Amino acid sequence: MSFGKGHHLHLIDGSAFIFRAYHALPPLTRKTDGLPVGAVAGFCNMLWKYIEDSRGNDAPTHAAVVFDHSAKTFRNDLYADYKANRPDPPDDLRPQFPLTRDATRAFNVACLEIKDFEADDIIGALACRAREAGGKVTIISSDKDLMQLVGDGVEMLDPIKNKRIGRDEVFEKFGVYPEKVTDVQALAGDSVDNVPGAPGIGIKTAAQLINEFGDLESLLARADEIKQPKRRQTLIDHADNIRVSKQLVTLDCESAPDLTLESLEVAEPDHKQLLDFLSEMQFRTLANRVAERFRLGPPAIIDAPAAPPAAAEAAPPPVLPPIDPASYVTITDLDALAPWLAAIGQEGAVALDLQLDRLDELQAGLTGVAISPGVGLGAYIPTGHLGGGDGLFADRAADQLSPEAALDALRPMLEDPAIVKIGHDIKRDAKYLARHGIALAPVADVMLMSYAMSAGAQGHGLDELSEGNLGHRRAPLKEVLGSGRNALTFARLAPDVATRPAAEEAEMIWRLWQNFRPRLPAAGVTAVYETLERPLIPVLAAMEREGVSIDPARLNRMSGDFAQKLAGIEDDVFRLAGQRFNIGSPKQLGEILFSQMGMTGGRKSGKTGALSTGADVLEDLAGEGHELPQRVLDWRLISKLKATYTDALQTYVNPDSGRVHTSYQIAGATTGRLASTEPNLQNIPIRTEEGRRIREAFVAPPGKRLISLDYSQIELRLLAHVADIPALKQAFREGIDIHTMTASQMFGVPIDKMDRETRNRAKAINFGVIYGISGFGLARNLKIPRAEAQAFIDTYFERFPEIRAYMDNTVAEAKRNGYVSTMFGRRIHTPGIALNGPAQAGARRQAINAPIQGAAADIIRRAMIRMPDALEGLQARMLLQVHDELVFEAPEAEVDELIARARKVMEGAAEPVVRLSVPLVVEGGAGGSWAEAH
DNA sequence: CAGCTCACG
DNA sequence: GACGTACGTGAGCTGG
């Protein structure tokens, strides 16, 4: 996430934490080996309390704990005795220093220290950079040496007194405001740090002098004007020391080497990593508290002599043995399963891959379960393989557990909160298991980890991930199953033959997880994965299982009506064309219109160079008075509705539930949007009157209502915020119609005299901007000459110059990084930006659009993730998402309450990570059908 | 299986 | 001056 406006950086003075912890706690030692750990324990408690306290409003988006690296710094070159009278740290504290760094990393907080620099310098440099970037900074420390940084978005927080330190508090302490603090310190000196200053002058006198003379240099220059003789002489005698003191106390924003704010993004702690560390330290109380917070069982802490402490240097990634499918085990009875379950419990994690006998998890049977709890480990539990016999009469293969027996044995592990279940697209597995009453949790998903790291750069299929990250290419399943009409299904394989490919998948997943885990924080997308991807899995699984009720009789009736209409249109078309042909064939239609009937205006389309018969072409022809193209348009409209909707939708009704269950792809669209498949319920018609009627077939069951809530103009609002366009922001705040406002600004028409046509033009331009506008595109959309469209765009940029700046900056960011980011940190890669010509132009438009479309997607994801808790106690259920709309089903009596609660969640979904400068507005409605609710 | 067309935000 | 273009999707149909 690039750091900027709306972000909030917390900088924690780690050294202060350590010393305070050391002195506050008795000298604790680790039971097993006597390692002193009192300061580490206190440090961990403080860090945990800090993390807990900083949740909620105004939470940091970025954070780091900053440490002093070594005793000697560049200040010793300025003044040899700097901090010379500071005693060495106690012997039992020194070995704890590296452990506090380990602790910081275990909490998944960035840990900073730089050779030759004091923590204060690093904090100063980062605070300056964050301030320049337009963000907020909170320094968690009470060190007076940091007070010079306060102001202009930077404040301090005294962690002991839990008191904010702003400009006024600094004035209280020093008698001057922050910008003069170093002047006062230079005069007063500091006995603790051995800063000389001027003898006999303390803070009070120094402040008085500075306030009188304005600043230090003026004071030294005009020292002879001081009335008190002794004081005058002191200043004159010690001028050099005073100047050196000023250098010593001044934090230099520029001096610290390259530090990026981006990498300091806040992330949830990795539960296992943190609990492992706390267990290793044997901090039982805190470990239990942490486990409770994460709703995990109490961690096992072994007090017996433990493994030697980890080496200080990070080990290079281990060279893994190649994947060896020959080593996998087939499990056919519960006794054989037991040691695997024990190993999984020990490991706290397992890669899991269910083999299902069809794509639809809600109707599939279980062919087998593959598990891998580590490198080189893989087992397959066949449960649904077929033996002799054919087709419907196939027998179950002998020597395998029943699905029920296998799942009963696995259930405690699958639901164990201390065991992470890792999958590739694990929503599928979760959906299947939910049918058996198994609540799979907690889960991890390598597909989503890849999506968080590299959306837009590559696909996230298991084979692609394995080849790219593990260098492992598995044998194509076709080699085992065959292909074509005689291909076997997986269930047709003999169980022991199935073990290899099934367990291999599980081990690939395991290895990918190991591979990706450290890379998420390195890429700065841990927060994206942890807050926008992973928590969405159970939410979507529940929505998909819920399904939506449709009225098949109504669809069937509509299909009949459409068939009649189509027959009538076909007669007209054939009469007008003078022959029968396939109206659905663009090729035949083009031939008839342009070659046989001699109409002009045909365009070559796409790669094939075929004559285009798209709707825009046919509309043009119809406008010229040709009857045939209009009838073809009529035919296409009805034909589309019948084939894609009224006919097809009926086939998706699940026989068990009587409802339609779509599947959402979390990693489908590069921008963060969801995609809906089988069936796609995100493109149900609404724009035409006839299409709209299809929504009448999406109904609420008796006694219930469908409720639709949608964000109004969310993308334009986000554009106004992210591009910082005052005119747009103001219009949104005042609730003015945004297209009317734009039209008024552009064309000089007063708002109350606005006509449809002018407003529509402005509307097209507003949308065009979101898409990375071009004169050509706007001209085509508005059917106006290109020059005129370009003139509109020029006027737009003149009226709203911030848009141009946003576009330029975003494209520059894409060129620099190869990706752009949403305000929530989602990254969308735009590799085409490195190309030339049209391909680059395309990538530029993509780069301009992605942060806006992506932010809207992030916001509705956040709303969806919060929705289950918000609807607690209601029978209302969330059923569908259509990019900026959520559809619910609720008992009639709950409708008002549901709308109130869901609207609140949706309108506040950006908070607290992003405080938008425009309001989000959600509109809602309810009815017996989706058509009525909308 | 690619290309065209068209449904949605 | 010519490229070729609005951003993001999924599905049904044709025809090689």
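These numbers were taken from a predicted model, which means no experiment stands behind them. Protein chains get the first letters and strands the later ones, always in sequence-line order, with residue 1 at the start of each.
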Trainee: Taking the same atom, C1', in C:dC3 and in B:dA7, what whole-Å distance lies between them?
Mentor: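 Those two atoms are separated by 31 Å.
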Trainee: Could you check whether A:Asn781 gets within reach of a base, just the sugar-phosphate, or nothing at all, counting any heavy atom under 4.0 Å?
Mentor: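 Base: the residue A:Asn781, judged by heavy atoms under 4.0 Å, touches a nucleobase.
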Trainee: Of the nucleotides B:dG9, C:dC7, B:dT5, which has the atom closest to the A:Asn849 side chain?
Mentor: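 Among the listed nucleotides, the one closest to the side chain of A:Asn849 is C:dC7.
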Trainee: Go along nucleotides 11-16 of chain C 5' to 3' and tag each nucleotide: B for a protein heavy atom under 4.0 Å from its base, S when only backbone or sugar atoms are that close, - otherwise.
Mentor: SSSSSS
Trainee: Between atom CD in A:Gln790 and atom C1' in C:dT5, what is the gap in whole Å?
Mentor: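 That distance rounds to 13 Å.
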Trainee: Could you check how far CD1 of A:Ile860 sits from C1' of C:dT9, rounded to whole Å?
Mentor: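 One finds 15 Å between C1' of C:dT9 and CD1 of A:Ile860, rounded.
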Trainee: So, does A:Arg780 get its side chain near the phosphate of C:dT5, meaning an N or O under 4.0 Å from OP1 or OP2?
Mentor: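 Indeed not, no polar side-chain atom of A:Arg780 lies that close.
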Trainee: Please work out if A:Gln853 contacts a base, only the sugar-phosphate, or nothing of the nucleic acid, heavy-atom cut-off 4.0 Å.
Mentor: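 Base, at least one base heavy atom under 4.0 Å.
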Trainee: Examine distances only and state if a side-chain atom of A:Ser929 and a backbone atom of A:Ala931 form a donor-acceptor pair shorter than 3.5 Å.
Mentor: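 Indeed, once roles are kept as given, a pair shorter than 3.5 Å links the two residues.
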Trainee: Can any side-chain N or O of A:Asp445 pair as donor or acceptor with the backbone N or O of A:Asp425 at less than 3.5 Å?
Mentor: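 Side chain of A:Asp445 to backbone of A:Asp425, a donor-acceptor pair under 3.5 Å: yes, one is there.
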Trainee: What is the distance, rounded to the nearest whole Å, between atom CD1 of A:Ile638 and atom P of B:dC6?
Mentor: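 Rounding to the nearest Å, CD1 of A:Ile638 and P of B:dC6 are 13 Å apart.
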Trainee: Classify the nucleic acid contact of A:Gly772 as base, sugar-phosphate or nothing, counting any heavy atom under 4.0 Å across all strands shown.
Mentor: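 The residue A:Gly772 makes no contact with any strand.
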Trainee: Test: side chain to side chain donor-acceptor pair (under 3.5 Å). Region: residues 852-865 of chain A. Which pairs qualify, not counting sequence neighbours?
Mentor: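 Side chain to side chain donor-acceptor pair (under 3.5 Å) check on residues 852-865 of chain A returns A:Glu533-A:Arg861, A:Thr671-A:Gln853, A:Thr822-A:Asp858, A:Arg826-A:Asp858, A:Asn849-A:Gln853.
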Trainee: Describe the nucleic acid contact of A:Ala850 in one word from base, sugar-phosphate, nothing, applying a heavy-atom distance below 4.0 Å.
Mentor: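 Nothing, no heavy atom under 4.0 Å.
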Trainee: How long is the line joining CH2 of A:Trp930 and P of B:dA7, in whole Å?
Mentor: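 Rounding to the nearest Å, CH2 of A:Trp930 and P of B:dA7 are 16 Å apart.
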Trainee: Hey, what's the ring geometry for A:Phe767 with A:His739, parallel, tilted or perpendicular (30° and 60° as the breaks)?
Mentor: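 Ring orientation of A:Phe767 relative to A:His739: tilted.
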Trainee: Please check the phosphate of B:dT5 (OP1 and OP2 only) for any side-chain N or O of A:Thr613 closer than 4.0 Å.
Mentor: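 So the side chain of A:Thr613 is within the cut-off, an N or O lying under 4.0 Å from OP1 or OP2 of B:dT5.
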Trainee: How far, in whole Å, is C:dT5 from B:dG3 if one measures between their P atoms?
Mentor: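 Nearest-Å result for B:dG3 against C:dT5 at atom P: 14 Å.
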Trainee: Which is true for A:Ala841 with a 4.0 Å heavy-atom rule: it touches a base, it touches only sugar-phosphate, or it touches nothing?
Mentor: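 Touches nothing.
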Trainee: Select base, sugar-phosphate, or nothing to describe what A:Ile686 touches, counting heavy atoms under 4.0 Å on all strands.
Mentor: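 Touches sugar-phosphate only.
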Trainee: Side chain of A:Ala615 only, please: which of C:dG8, B:dC6, B:dA7 is the nearest?
Mentor: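 Per side-chain heavy atoms of A:Ala615, the pick is B:dC6.
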Trainee: Rounded to the nearest angstrom, tell me the gap between atom CG in A:Leu718 and atom C1' in B:dG9.
Mentor: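 Taking CG of A:Leu718 and C1' of B:dG9, I get 14 Å after rounding.
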Trainee: For C:dC3, give the paired nucleotide (Watson-Crick: N1-N3 plus N6-O4 or O6-N4; G-U: N1-O2 and O6-N3; both under 3.5 Å), or none.
Mentor: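 Result: none.
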Trainee: For A:Tyr529 and A:Tyr451, I'd like to know if the aromatic rings sit close, meaning centre-to-centre distance below 6.0 Å.
Mentor: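 Here the rings of A:Tyr451 and A:Tyr529 have centres that are no less than 6.0 Å from each other.
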Trainee: Need one value for A:Ala764: base, sugar-phosphate or nothing, where a base atom within 4.0 Å counts as base even if backbone is also close, heavy atoms only.
Mentor: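 Base contact.
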Trainee: Give the C-alpha distance, both sets of side-chain angles, the deciding distance and a yes or no for salt bridge (charged side-chain N to carboxylate O under 4.0 Å, His left out) between A:Glu570 and A:Arg580.
Mentor: CA-CA 9 Å; A:Glu570 273 165 28; A:Arg580 298 180 66 83; 5.6 Å; no
Trainee: Give me the distance, rounded to whole Å, that separates C:dG1 from B:dC6 when you measure between the P atoms they each carry.
Mentor: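 My reading of the P atoms in C:dG1 and B:dC6 gives 36 Å.
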Trainee: Using a heavy-atom cut-off of under 4.0 Å over every strand shown, decide if A:Ile770 touches base, sugar-phosphate, or nothing.
Mentor: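 Touches nothing.
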Trainee: For C:dC7, does either OP1 or OP2 sit under 4.0 Å from a side-chain N or O belonging to A:Arg844?
Mentor: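 No, A:Arg844 has no side-chain N/O under 4.0 Å of OP1/OP2 on C:dC7.
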Trainee: Look at the side chain of A:Gln682 and the base of B:dC8, then say whether one donor and one acceptor between them are separated by less than 3.5 Å.
Mentor: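 No.
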Trainee: C:dT5, OP1 or OP2 - any side-chain N/O from A:Arg845 closer than 4.0 Å?
Mentor: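 Result: no.
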Trainee: Are more than 12 heavy atoms, taken from residues, nucleotides or ligands other than A:Glu619, located less than 6.0 Å from that residue's CD atom?
Mentor: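 Buried by this count: over 12 neighbours within 6.0 Å.
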Trainee: Scan side-chain atoms only and decide if A:Thr740 and A:Asp737 contain a donor-acceptor pair under the 3.5 Å cut-off.
Mentor: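 Checked: A:Thr740/A:Asp737 side chains pair up, N/O donor to acceptor below 3.5 Å.
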Trainee: For A:Met807 and C:dA6, what is the distance between atoms CE and P respectively, to the nearest whole Å?
Mentor: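 After rounding, the gap between these two atoms is 16 Å.
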Trainee: CZ of A:Arg861 versus P of B:dG9: gap in Å, rounded?
Mentor: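 My rounded result for the distance is 19 Å.
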Trainee: For C:dT9, what is the paired nucleotide under Watson-Crick or G-U wobble rules, both distances under 3.5 Å?
Mentor: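 C:dT9 is paired, partner B:dA7.
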Trainee: Applying a 4.0 Å non-hydrogen cut-off, can you work out what A:Leu637 is touching in the nucleic acid: base, sugar-phosphate, or nothing?
Mentor: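 Result for A:Leu637 = sugar-phosphate.
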Trainee: Tell me whether the centres of the aromatic rings in A:Phe800 and A:Tyr796 are closer together than 6.0 Å.
Mentor: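 Yes; A:Tyr796 has its ring centre under 6.0 Å from that of A:Phe800.
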Trainee: Is a side-chain N or O of A:Tyr806 found less than 3.5 angstrom from the main chain of A:Ile848, in a donor-acceptor match?
Mentor: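 Yes: the side chain of A:Tyr806 pairs with the backbone of A:Ile848.
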Trainee: Whole-Å distance between B:dC8 C1' and A:Arg695 CZ?
Mentor: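 Between C1' of B:dC8 and CZ of A:Arg695: 8 Å.
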Trainee: For C:dT9, does OP1 or OP2 lie under 4.0 Å from any side-chain N or O of A:Gln665?
Mentor: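 So the side chain of A:Gln665 is outside the cut-off, no N or O lying under 4.0 Å from OP1 or OP2 of C:dT9.
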Trainee: C:dT9, OP1 or OP2 - any side-chain N/O from A:Thr670 closer than 4.0 Å?
Mentor: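 Checking A:Thr670 against C:dT9: at least one side-chain N or O falls below 4.0 Å of OP1 or OP2.
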Trainee: Find which nucleotide of DNA chain C each of A:His883 and A:Arg786 is nearest to by heavy atoms, and output the residue with the more 5' nucleotide.
Mentor: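 On the 5' side of the pair lies A:Arg786.
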